[in-house]
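Chain letters run A, B, ... following the sequence lines, proteins first and then strands; every chain starts at 1. Computed from a predicted model, the values in this text were never measured in an experiment.
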Amino acid sequence: MIDTSKKYLITSALPYANGPLHLGHLAGAYLPADIYVRYLRLQGRDVVWVCGSDEHGAAITIRAKKEGISPKEIIDKYHELNKSSFQRLGISFDYYHRTSAPLHHQTSQDFFLKLYEKGDEFDEKTIEQYYDPKFDQFLADRYITGTCPKCGYEEAYGDQCENCGSDLSPIELINPKSTLSGETPILKETKHWYFKLDKHEAWLREWIAEGKLDGQQHHDPKDWKKHVIGQCLSWLDTGLQARSITRDLSWGIPVPLKEAQGKVLYVWFDAPIGYISATKQWAIENDQDWEAYWKGDDVNLIHFIGKDNIVFHCIVFPSMLRAHGEYALPVNVPANQFLNFEGQKFSKSRGWGIEQHVYLDEFANFPNKEDALRYTLIRNLPENKDSDFKWDDFVDFHDKELADNLGNFVNRVVVLTNKYYDGKVPNAEVVLKEDHPRVIELVAEIERELERFSFKSAAQLVMELSSYGNSYLQEVSPWKIWKTDPESEQVAVCMNACLQIVTILSVLVEPFIPFTAPKIRALLNLDELQRGSLAGLLEQLDKAIPVIEAGHQIGEPSLLFAKIHDRKDGSRLEIIDRQKKILQDILDHEQKSDHVALKDNIEFDDFTKLDLRTGTIIEAEKVPKTKKLLKLKVDIGLEQRTVVSGIAEYFKAEEVVGQKVVLVANLAPKKLRGIMSQGMILMAENEKGELGFVSPDKNWGNGFVVK
RNA sequence: GGCGUGGUAGCUCAGCUGGUUAGAGCGCAGCAUUCAUAAUGCUGAGGUCGAGAGUUCAAGUCUCUCCCACGCUACCA
């Protein structure tokens, strides 16, 4: 368990400022953190939550170049967009900073220098890298495009091919071109600095597997999620390697060394330091001491991230902090898995999924759109495995849980109190601890689940509390008693207890649905919630003090949630139906035109460079320890060629023997898995990625030219 | 192929260190009820806990093998 007497420094992954965030991001690193932080505040704990835009890196400069604007314009645009979307959804960061801020540059450079001066944290290496003579600068991986050596896609980047998804090194690209000048770059020597991550392996293993640091218990590894520890240990087992932390680029934080002119810190090095600089900026604006939240034993550092960031926040950044020496390490990294959208991955290019700001606009006329979304996401959080966002779930959770269960219970109580007691809390002897032990138990369970980052289950328990109220109300049925005896003690006791339960709900609900909580407070005519409200409530419960005073005048009834399925008003259902239709249209469209876009025209001369030959597969065997590779021997008349082909997922070795094929006979040989492949077999690929042979008629012999 | 995480009622999922008849919500069937947003409450049907083997007095929970899904990684000339 986390030591609750300490300070909390909470971080959420810095969003990259070159695009808007979608609901998957929200559910991964921001909404869970928001629930946790709001809970801590209600408990009166000392907590600071920071986040901000990650604004460096080559992707931003490339995007700027494509759009013909400056990188600054890009980051300003998305910094503002993301910041405001978060704010509109009630994501309550204490500070949302940005890494382009001078304070961050200074902080990162100081951090770099500190490690540099330690002497044994960095390596310096001189390597060969592509250089654009015309622009007189070295080219970052992303500044080089060329033909992907794996799939033949002509617009692959130096670090990755977006067509086949392979990770590449710029040197592998065929016909590399500089995106700056369009010309072929040359290889030239350049010097870079490397962070010696491998050096930190031993203590990292002990820290992650056992939670021990220098022999002392730092945290309990049982509190960490299984998949987090699993993935980290898997990385440690494969062995860590020094990571390059500098780049030849002009956009970024200059490396603070004389000999590093024109170089910047690699974005992954400066980004996590953004958590520190954000805290500094927060401290300046709030007259606080930032170091109290980062240094010493008095700190709980917790990173909220998606699973793609696990290694980074559990291995790389902790190593940086440890190397620096003054900082505390995270006590937990409650990484979430991924959220899918209606059964499929979010995909910007397909338009699959919905971005935060788009949701807010599309649902502009939907009351409680913020809490409706938050609640659906919470009940579907990918806490331990990937989960799925569905519009049908959205409707169900909203109508069944928020409206029918919670909203209706609150409404019943407020209506009855107004009807029977003119809106005054009836005087009655009710001690929740004794009369309703289940309520106290539920409150404790909710607390416990929140402390251990089980937000989905905590939200369910909140609903159970409301269910308990409904159940109790039904059991007593004050409306029956009241008909014959309006002065009944029983009715007063029941209503007093229900009002206390609603009061508890008005507090407990806040971390999850912060837009609704104040509405419940208003219905009860109670003060707004503030830091420590929950702690105060818990104390009252413990001391058997009523949480809402007898005689207190509550407000007039009004509905908290307008249901989506409403016989009189179909407007909300229309909004949902519109969203479903958008998705259906995407699917329909893809079905109709499920074809890859045509490539650019080429000259006839280019075509004639290809030497295509008919042939027959005469031998085939699976390449051991691969999933897709077959080693084939192809007869092309004059000679026999050995070809390695990635078709094993669709064809067994024995079935392809005798198959007529067309071979690209003059493709440069390439070694694959130690086998020299002398050519490429032409295959057709359909929309599902299934392969089929392109073959000449059976009567054709081997070695004839295809043109 | 290597590694990681999952595979529990029709659907979405809980089941923490192994221990009585395996749980919740939704859906379904029936009953009760009207204070309330055609809301609520109660009852019930429904699972050989992916498959097989093992350890144990006792396994959804530990071990091994296999199958399936997802992710990372290698490999698709």
Side-chain angles (χ1 to χ4, degrees), chain A residues 148-152 164-167 174 222-223 225-235 237-238 307-308 310-311 337-338 340 345 379-380 383-388 390 392-393 396-397 399-405 407-420 448-449 452 454 456-457 460-461 463-464 467 469-475 477-480 482-483 491 495 498 557 559-563 565-569 622-630 643-649 663-664 667-673 675-681 683 689 691:
Chain A
C148 173
K150 310 196 169 163
C151 70
C164 66
S166 320
D167 282 328
I174 301 158
K222 282 188 188 139
D223 293 342
K225 296 190 186 190
K226 247 168 115 176
H227 68 268
V228 173
I229 293 186
Q231 194 174 333
C232 291
L233 292 179
S234 152
W235 261 69
D237 286 345
T238 38
K307 68 173 163 187
D308 49 334
I310 289 175
V311 170
Q337 309 256 12
F338 287 151
N340 289 320
K345 282 184 211 176
R379 294 290 273 103
N380 258 322
E383 285 175 336
N384 293 305
K385 52 181 152 185
D386 290 357
S387 66
D388 200 6
K390 292 196 189 78
D392 284 344
D393 286 345
D396 269 3
F397 286 134
D399 280 6
K400 301 267 159 59
E401 299 195 4
L402 290 180
D404 291 349
N405 186 349
N408 187 39
F409 174 58
V410 172
N411 188 238
R412 294 170 88 181
V413 174
V414 174
V415 167
L416 288 174
T417 306
N418 273 287
K419 193 163 171 182
Y420 300 162
R448 195 160 59 237
E449 295 300 305
R452 54 189 287 250
S454 295
K456 209 195 304 200
S457 142
Q460 246 171 315
L461 289 165
M463 280 305 146
E464 207 175 318
S467 259
N470 272 320
S471 213
Y472 170 62
L473 203 53
Q474 198 71 25
E475 188 192 312
S477 294
W479 48 90
K480 283 186 188 166
W482 192 77
K483 272 180 198 156
V491 174
M495 292 318 300
C498 284
L559 295 185
L560 289 173
F561 300 98
K563 290 179 68 167
H565 281 293
D566 185 329
R567 331 168 86 189
K568 296 170 208 131
D569 180 357
K622 182 99 188 277
V623 181
K625 297 201 171 190
T626 65
K627 192 154 60 179
K628 298 186 177 177
L629 298 186
L630 285 186
V643 173
V644 177
S645 186
I647 59 175
E649 280 187 312
L663 185 84
V664 182
L667 192 62
K670 161 90 180 180
K671 210 176 218 181
L672 284 170
R673 285 268 146 180
I675 303 161
M676 193 56 87
S677 180
Q678 305 162 308
M680 181 168 82
I681 302 223
M683 305 293 293
L691 299 177

Say you pick atom [atom1] in [N] and the same atom in [M]; how far apart are they, in whole Å?
| N | M | atom1 | answer |
| --- | --- | --- | --- |
| B/A58 | B/G2 | P | 34 Å |
| B/G54 | B/G60 | P | 15 Å |
| B/C49 | B/A9 | C1' | 10 Å |
| B/G44 | B/G25 | P | 13 Å |
| B/G6 | B/A14 | C1' | 15 Å |
| B/G50 | B/U5 | C1' | 15 Å |
| B/A51 | B/G7 | C1' | 11 Å |
| B/U56 | B/A74 | P | 44 Å |

Minimum-distance nucleotide to [X] side chain [options: [options]]:
| X | options | answer |
| --- | --- | --- |
| A/Asn380 | B/U12, B/U40, B/U37 | B/U12 |
| A/Asn411 | B/G41, B/U37, B/A14 | B/U37 |
| A/Tyr420 | B/C35, B/U37, B/A39 | B/C35 |
| A/Asn470 | B/U37, B/U40, B/U5 | B/U40 |

Contiguous Watson-Crick or G-U pair runs (3 or more, under 3.5 Å) in RNA chain B: B:1-7 with B:67-73, B:10-13 with B:23-26, B:28-32 with B:40-44, B:50-54 with B:62-66

Taking all heavy atoms of A/Pro557 and all of A/Asn411, pick out the closest pair and write down the distance. CB-ND2, 4.0 Å

So which atom in A/Trp479 and which in A/Tyr420 form the shortest heavy-atom distance, rounded to 0.1 Å? CA-OH, 3.2 Å

Whole angstroms only, please: what is the [atom1]-[atom2] distance between [X] and [N]?
| X | N | atom1 | atom2 | value |
| --- | --- | --- | --- | --- |
| A/Asp392 | B/G10 | CG | C1' | 15 Å |
| A/Asn340 | B/U5 | CG | P | 19 Å |
| A/His227 | B/C72 | NE2 | C1' | 13 Å |
| A/Lys225 | B/A14 | NZ | P | 11 Å |
| A/Asp399 | B/U37 | CG | P | 15 Å |
| A/Leu473 | B/C35 | CG | P | 12 Å |
| A/Lys385 | B/G7 | NZ | C1' | 7 Å |
| A/Asp308 | B/G4 | CG | P | 20 Å |

Taking salt bridge (charged side-chain N to carboxylate O under 4.0 Å, His left out) as the definition, give me every residue that meets it alongside A/Asp404, ordered by chain and number, with sequence neighbours left out.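 With neighbours one apart ignored, the set is A/Lys563.
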
Are the side chains of [Y] and [X] in contact, using a 4.5 Å heavy-atom criterion?
| X | Y | value |
| --- | --- | --- |
| A/Glu401 | A/Asp396 | no |
| A/Glu449 | A/Gln460 | no |
| A/Met680 | A/Val643 | no |

Is it true that A/Gln337 and A/Lys307 share a donor-acceptor pair across their side chains at a distance under 3.5 Å?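 A/Gln337 and A/Lys307 do have a side-chain donor-acceptor pair below 3.5 Å.
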
Side-chain N or O of A/Ser471 versus OP1/OP2 of B/C42: is the shortest distance under 4.0 Å?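 Checking A/Ser471 against B/C42: at least one side-chain N or O falls below 4.0 Å of OP1 or OP2.
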
What nucleic acid atoms does A/Leu560 come within less than 4.0 Å of, heavy atoms only: base, sugar-phosphate, or nothing?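 The answer is base, as A/Leu560 lies within the cut-off (heavy atoms under 4.0 Å) of a base atom.
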
Contacts of type side chain to side chain donor-acceptor pair (under 3.5 Å), residue A/Asp566, not counting sequence neighbours: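 For A/Asp566 the side chain to side chain donor-acceptor pair (under 3.5 Å) partners, ignoring immediate neighbours, are A/Arg572.
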
List in chain and number order the residues that pass side chain to side chain donor-acceptor pair (under 3.5 Å) with A/Lys456, two or more places apart in sequence or in another chain; answer none if no residue qualifies. none

Ion pair check, A/Asp392 and A/Lys390, cut-off under 4.0 Å: no

Looking at A/Asn380, is its backbone amide N or carbonyl O close enough to the side chain of A/Asp393 to form a donor-acceptor pair, meaning the two atoms are under 3.5 Å apart?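 Between the backbone of A/Asn380 and the side chain of A/Asp393 there is no qualifying donor-acceptor contact (under 3.5 Å).
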
Would you give the length of the straight line joining atom CD of A/Gln474 to atom OG of A/Ser467, rounded to the nearest 0.5 angstrom? 11.5 Å

CZ of A/Arg412 to SG of A/Cys498: how many Å apart, nearest 0.5 Å?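 Output value for this atom pair is 8.5 Å.
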
With nearest nucleotides of RNA chain B determined for A/Lys390 and A/Gln337 from heavy-atom distances, which residue corresponds to the more 5′ nucleotide? A/Gln337

So which protein N/O to nucleotides 68-71 of chain B N/O distances come out below 3.5 Å?
from	atom 1	to	atom 2	distance (Å)
B/C70	O2'	A/Asp386	OD2	3.0
B/G71	OP1	A/Lys345	NZ	2.5

Heavy-atom protein contacts under 4.0 Å, nucleotides 22-32 of chain B, coded B base, S sugar-phosphate only, - none: ---SSS-----

